[in-house]
Asks: 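Can you read through this structure? Questions will come right after.
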Amino acid sequence: MKKTATLIEKLIRLANGDSLPASSLKGDWFEQMQDDGILLATAHGSRKSLRASDGMSLRQYVASQFGIHDLEQTRDAFSGEDASRASLVAATGDSKFLSRRTFKGFLVNSYQPVTAVLNGQEITIHPAEGSFMFVADYQHFTIPQDVVVVGMENAENFRYVALQKYLLAQYGRVLFVSRYPQDQNKDLIKWLQSIPNQYVHFGDLDLAGIAIYESEYYRHLGIKSSLFIPDDFEQRISNGNTDRYNAQLPQYGKMKVEDKRVQLLLDCIHRYHKGYDQEGYLIK
């Protein structure tokens, strides 16, 4: 039987002496508890309700038969995203009782030292060449307001941020962040929404790159975000890839941009029928 917050709430109500309609207690757990005398049935005309023969007996039965040792703690685990695997073991004996994404946060990188505060402690972000820093407790991670956050769409560009200093020097102090692994992206957006810093998205100069910026960043951050459009974008796109454009056209060909600052780039891509990969900027 699938373990859900609704199921646990029903068990708590039964353990606390409530009587519930039998129609709301479907499934093999409840059938087994009736067979074993843990739940008793009462008829109300054509309808039937179930109640626990004894609240403590029900709790002990659920613990021994289904491995849920603390109903209330299990309910809290369902309602809180931050429930740790340790608390799940304490409540259910099973760290995998609920699906929990324990590896939260996002990668950061910088080609110059950036002072930040993590859980009240000052740290310096300046990873050695060939390494990154992973910020897990992003809810308690802040950076100076004048630092511009630059999101790198592609892994290779994020790896070699120093090679792109010539492009991004205009922003002064920058902190690079990565949208990969893909399921970390919501963590990154939540953090960006919580800080006043400007966000600049640097991605491929193609239809999909614009769509990613619009749907994943501008929609959530508004004018606080912008798409990085290099000065030489037209020259780069004119020497870009036609196959990439043709492959993306069915999905993004009729795309309308909300951020009108991006319109020139979109028009250029359609004019040349080409797109340009971000990695090309690794070579000056």
Side-chain angles (χ1 to χ4, degrees), residues 76-77 79-90 95 100-203 212-213 216-228 230 278-279 281-282 284:
D76 294 342
S79 62
E81 284 190 5
D82 294 329
S84 68
R85 292 195 182 277
S87 66
L88 290 174
V89 171
S95 67
R100 282 287 183 263
R101 183 169 59 87
T102 56
F103 203 54
K104 298 178 181 179
F106 47 84
L107 289 164
V108 297
N109 200 0
S110 180
Y111 53 62
Q112 59 191 348
V114 173
T115 301
V117 175
L118 180 62
N119 280 314
Q121 181 177 349
E122 188 173 289
I123 61 173
T124 299
I125 302 172
H126 193 201
E129 180 64 29
S131 67
F132 315 129
M133 178 178 173
F134 189 88
V135 178
D137 196 1
Y138 63 90
Q139 298 95 330
H140 303 100
F141 175 63
T142 58
I143 57 176
Q145 293 188 23
D146 65 328
V147 174
V148 175
V149 181
V150 177
M152 285 299 197
E153 187 176 306
N154 298 313
E156 190 171 353
N157 292 78
F158 182 75
R159 161 71 175 80
Y160 295 106
V161 292
L163 296 180
Q164 296 150 99
K165 186 175 182 179
Y166 75 98
L167 274 176
L168 302 164
Q170 60 180 294
Y171 295 113
R173 290 196 298 166
V174 296
L175 177 71
F176 296 92
V177 295
S178 173
R179 67 191 287 268
Y180 291 104
Q182 186 66 27
D183 63 357
Q184 310 300 112
N185 194 48
K186 290 183 179 179
D187 296 340
L188 177 57
I189 290 297
K190 288 178 182 177
W191 179 68
L192 290 171
Q193 289 175 320
S194 72
I195 62 174
N197 303 65
Q198 288 293 310
Y199 172 77
V200 176
H201 187 75
F202 185 13
I212 289 170
Y213 163 68
E216 296 186 18
Y217 296 95
Y218 185 75
R219 180 172 298 173
H220 301 289
L221 303 174
I223 199 65
K224 190 171 73 171
S225 63
S226 61
L227 182 66
F228 179 61
Q278 178 188 18
E279 289 90 344
Y281 281 98
L282 289 170
K284 187 174 182 179

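No experiment lies behind these values; they were computed from the predicted model shown. Here, residue 1 is the first one in the sequence, and each next residue gets the next number.
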Asks: Give the minimum heavy-atom separation between His201 and Glu153, together with the two atoms involved.
Replies: NE2-OE1, 3.2 Å
Asks: For Pro230 and Leu167, which heavy atoms make the closest approach, and how far apart are they?
Replies: CB-CD2, 4.4 Å
Asks: To the nearest 0.5 Å, what is the distance between CZ (Arg159) and CG (Asn154)?
Replies: 15.0 Å
Asks: For atom CD of Gln145, is the number of surrounding heavy atoms from other residues, nucleotides or ligands below 6.0 Å larger than 12?
Replies: no
Asks: In terms of relative ring orientation, are Tyr218 and Tyr213 parallel, tilted or perpendicular, with 30° and 60° separating the classes?
Replies: tilted
Asks: Distance-only, no hydrogens or angles: does the Asn157 side chain make a donor-acceptor pair with backbone N or O of Gln278 under 3.5 Å?
Replies: yes
Asks: If you round to the nearest 0.5 Å, how far is CG of Leu118 from CD of Gln139?
Replies: 10.5 Å
Asks: Could you tell me which non-hydrogen atom of Ser131 sits nearest to which non-hydrogen atom of Asn109, and how far apart they are?
Replies: O-OD1, 4.1 Å
Asks: What are the two closest heavy atoms between Phe158 and Val177, and how far apart are they?
Replies: CE1-C, 3.7 Å
Asks: With a 4.5 Å heavy-atom cut-off, do Tyr281 and Phe228 have their side chains touching?
Replies: no
Asks: I'd like to check Tyr217 versus Leu227 (side-chain heavy atoms, cut-off strictly below 4.5 Å). Are they in contact?
Replies: no
Asks: Donor-acceptor pair, Lys190 side chain versus Tyr138 backbone, under 3.5 Å?
Replies: no
Asks: Mind checking the CD1-CD spacing from Ile223 to Gln198? Nearest 0.5 Å is all I need.
Replies: 8.0 Å
Asks: Mind checking the CZ-CG spacing from Arg219 to Leu221? Nearest 0.5 Å is all I need.
Replies: 12.0 Å
Asks: How many angstroms lie between atom CG of Asn119 and atom OG1 of Thr142, to the nearest 0.5 angstrom?
Replies: 10.0 Å
Asks: Is the shortest heavy-atom distance from the side chain of Gln164 to the side chain of Met152 under 4.5 Å?
Replies: yes
Asks: In Å, rounded to the nearest 0.5 Å, how long is the span from CG of Asp137 to CH2 of Trp191?
Replies: 13.0 Å
Asks: Centroid-to-centroid, Phe176 to Phe202, below 6.0 Å?
Replies: no
Asks: Distance-only, no hydrogens or angles: does the Asn197 side chain make a donor-acceptor pair with backbone N or O of Val147 under 3.5 Å?
Replies: yes
Asks: Side chains of Val149 and Ile195: closer than 4.5 Å at any heavy-atom pair?
Replies: yes
Asks: Any heavy-atom pair between the side chains of Leu163 and Tyr111 that's under 4.5 Å?
Replies: no
Asks: Taking the side chain as every heavy atom from C-beta outward, state whether Tyr160 and Glu129 have any atom pair closer than 4.5 Å.
Replies: yes
Asks: Can you check whether Ile123 reaches Met133 side chain to side chain, under 4.5 Å on heavy atoms?
Replies: yes
Asks: I'd like to check Ile125 versus Phe141 (side-chain heavy atoms, cut-off strictly below 4.5 Å). Are they in contact?
Replies: yes
Asks: Taking all atoms of both residues into account, what is the closest heavy-atom pair of Leu107 and Phe134, and its distance?
Replies: CD2-CD1, 3.8 Å
